[in-house]
Protein chains: 2
Amino acid sequence: MGAEQARSAKRADARRNEKALLDAAAAVFVTDGVDAPVRKIAAEAGVGMGTIYRHFPTRADLVIAVYRHQVDACAEAGPALLASAESPFAALREWVNLFAEFLVTKHGLANASRSDPDGFAALHGLFLERLVPVLGDILTAARESGELTADIAPYQLLRAIGDICAGAERDDPDYDARLTLRLLLDGCRA
Amino acid sequence: MGAEQARSAKRADARRNEKALLDAAAAVFVTDGVDAPVRKIAAEAGVGMGTIYRHFPTRADLVIAVYRHQVDACAEAGPALLASAESPFAALREWVNLFAEFLVTKHGLANASRSDPDGFAALHGLFLERLVPVLGDILTAARESGELTADIAPYQLLRAIGDICAGAERDDPDYDARLTLRLLLDGCRA
DNA sequence: GAATATACGGAGCAACGTTCCGGTTGGCAA
DNA sequence: TTGCCAACCGGAACGTTGCTCCGTATATTC
């Protein structure tokens with residue numbers, strides 16, 4: 001309720017700038033990571049610094065706005081995989097890979113989280129809110145099918161994946177986050 | 001060779017300041033993390049900013065100097081555990097816990113690594129140089145005893161542990177890095 | 001077309017990393 | 001002991017960043 005109204009209550013230029021900022025941020029995040037200087041994002045969008053802070057008071061607000069629909073896509077893939085995969089555990093594997101791929105492409109995401117406590121909390125909240133229930137369903141299904149034996153909470157597994165992928169951001173030919181994830185999943189059914 | 005000589009070739013005040021800096025940094029790192037402002041460390045040591053940069057050109061140099069003997073202790077514990085534990089795999093478990101404990105107590109260590117590429121490389125180098133061989137021996141022993149089946153390189157495992165613990169720095173009652181590590185190790189012998 | 005609320009831009013402040021150089025001092029030779 | 005010089009010290013100064021604040025511009029409404 002009211003969301004639509006609130007949005008149309010905004011001035012046209014404000015809406016335009018918000019979109020420009022979102023596009024600019026997405027572009028800059030790819031090249032410079034989410035720690036990119038605020039000035040650079042503002043310049044890329046062709047707006048002043050005040051504008052960026054008015055629309056997104058916190059850096060986390062901007063990051064969340066940029067990635068929200070990607071997180072949504074990840075969340076929606078959960079039930080789909082559960083329906084299409086050979087077994088619930090296979091679905092778990094695939095979903096974990098999907099989530100990992102998303103994380104790895106987000107340069108320096110973990111970095112921003114750690115350097116700014118508020119940002120961490122916000123990002124954390126978004127991920128948890130959307131993904132914990134999804135992963136929870138997959139884990140329950142895998143447990144009921146008898147493939148999953150480890151007593152691990154969705155939150156715990158989600159964080160483990162996040163941490164493992166956070167460290168794998170930089171290109172290192174000798175380190176393969178997927179292998180670590182595979183071993184971790186193996187450990188969950190041992 | 002010559003290390004002793006090189007050290008005594010330094011002037012007395014230089015040696016004194018280096019020690020003061022080391023002590024100050026160790027103290028400040030505990031409270032503020034390894035990202036603590038340079039000025040604060042200098043002030044704590046009672047020296048100027050120039051002094052800190054002369055002795056430790058890079059932040060990583062300082063961090064390494066502070067933690068080097070702790071890393072050494074970790075490295076030396078490897079053979080000891082291998083000799084005392086019930087089995088090589090048990091030694092692996094214990095050594096991983098030891099290393100994890102060391103990492104978790106170093107607030108923001110991963111943080112500094114990521115924010116400064118040079119620092120990352122230096123720290124990385126120290127860890128690899130000292131710990132990869134040690135972990136390699138343990139893994140080989142565990143593999144020969146038949147307990148370890150996964151084909152995982154020491155470097156790969158070391159990084160996985162590092163990443164998992166790096167994310168577990170802040171106190172979160174709902175997340176237990178040890179559980180993740182246990183599952184990962186289980187996966188290595190499945 | 002005028003009035004008003006809303007949004008914009010960028011100057012300005014504080015905090016930080018890092019460099020640089022004039023002043024100081026420890027150690028050695030005479 | 002004294003004097004000299006290389007080594008060392010301190011902190012001012014510069015560039016970059018995050019964030020705030022307010023005079024100006026403009027979209028919307030009547």
Side-chain angles (χ1 to χ4, degrees), chain A residues 5-25 28-29 31-63 108 111-120 122-123, chain B residues 4-25 28-29 31-63 108 111-123:
Chain A
Q5 205 165 33
R7 192 173 320 158
S8 60
K10 274 173 147 179
R11 274 170 42 167
D13 54 348
R15 250 175 302 154
R16 210 176 334 130
N17 277 336
E18 182 166 332
K19 172 140 179 32
L21 238 10
L22 239 27
D23 291 346
V28 175
F29 283 173
T31 58
D32 293 37
V34 289
D35 282 337
V38 180
R39 282 170 175 76
K40 184 161 186 176
I41 299 172
E44 174 84 19
V47 304
M49 314 235 344
T51 303
I52 200 170
Y53 277 99
R54 193 166 324 101
H55 286 290
F56 307 99
T58 294
R59 167 171 247 109
D61 293 325
L62 180 57
V63 174
N111 202 355
S113 311
R114 267 182 260 286
S115 59
D116 156 28
D118 292 341
F120 176 78
L123 230 23
Chain B
E4 227 72 313
Q5 204 165 32
R7 194 172 317 159
S8 59
K10 276 173 145 177
R11 276 172 40 167
D13 53 349
R15 250 176 302 153
R16 209 176 334 125
N17 277 336
E18 183 168 331
K19 172 141 179 33
L21 240 9
L22 240 26
D23 291 346
V28 175
F29 284 173
T31 59
D32 292 36
V34 289
D35 283 337
V38 179
R39 282 171 175 78
K40 183 160 186 177
I41 299 172
E44 173 84 19
V47 304
M49 316 236 341
T51 304
I52 200 170
Y53 277 99
R54 192 167 324 100
H55 287 292
F56 307 99
T58 294
R59 178 179 294 270
D61 293 325
L62 180 57
V63 174
N111 203 356
S113 310
R114 269 183 258 283
S115 59
D116 156 27
D118 292 342
F120 175 78
L123 229 25

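The shown structure was predicted, so the numbers you read here are calculated from the model rather than taken from an experiment.
- For the pair A:Leu62/A:Leu22, a side-chain contact is recorded, criterion being any heavy-atom separation below 4.5 Å from C-beta on.
- Closest-nucleotide positions on DNA chain C for A:Gly46 and A:Arg39 were compared, and the one nearer the 5' end corresponds to A:Gly46.
- In this structure, the CZ atom of A:Arg15 is 15 Å from the C1' atom of D:dT26, given to the nearest Å.
- Side chain of B:Asn17, nearest nucleotide from D:dC9, D:dG18, D:dT26: D:dC9.
- Note: CZ (A:Arg16) to C1' (D:dA27) measures 10 Å, nearest angstrom.
- Within the structure, every side-chain polar atom (N or O) of B:His55 is placed at least 4.0 Å from both OP1 and OP2 of D:dC8.
- Between A:Phe56 atom CZ and D:dC19 atom C1' the separation is 17 Å, expressed in whole Å.
- B:Leu21 and B:Ala45 make their closest contact through CD1-CB, 3.5 Å (heavy atoms, listed as atom of the first residue, atom of the second, distance).
- Of all nucleotides in DNA chain C having an atom under 4.0 Å from a heavy atom of chain B, the first and last in 5' to 3' order are C:dC16 to C:dG27.
- Between the OH atom of B:Tyr53 and the C1' atom of D:dG11 there is a distance of 13 Å, given to the nearest Å.
- Shown here for A:Glu44 and A:Ala24, the closest heavy-atom pair between the two residues is CG-CB, 3.4 Å.
- Of all non-hydrogen atoms in B:Asp35 and B:Arg59, the two that sit nearest each other are C-NH1, 3.6 Å.
- In this structure, A:Asp61 atom CG and D:dG18 atom P are separated by 15 Å, rounded to whole Å.
- Between the P atom of D:dG11 and the CD1 atom of B:Ile52 lies a distance of 14 Å, rounded to the nearest Å.
- To the nearest angstrom, P of D:dT26 lies 10 Å from CZ of A:Arg11.
- Under 3.5 Å, the side chain of A:Arg59 and the base of D:dG18 form no donor-acceptor pair of N or O atoms.
- In this structure, A:Asp32 atom CG and D:dT17 atom C1' are separated by 14 Å, rounded to whole Å.
- Looking at B:Phe56 and B:Val38, their side chains never come closer than 4.5 Å, going by heavy atoms from C-beta outward.
- The residue among A:Pro37 and B:Gly48 whose nearest nucleotide of DNA chain D is located toward the 5' end is B:Gly48.
- Here the shortest heavy-atom pairing between B:Val34 and B:Phe29 reads CA-CD2, 3.6 Å.
- For the pair A:Tyr53 and A:Asp61, the minimum side-chain heavy-atom distance is 4.5 Å or more.
- Nearest-nucleotide positions on DNA chain C for A:Met49 and B:Asp13 put A:Met49 closer to the 5' end.
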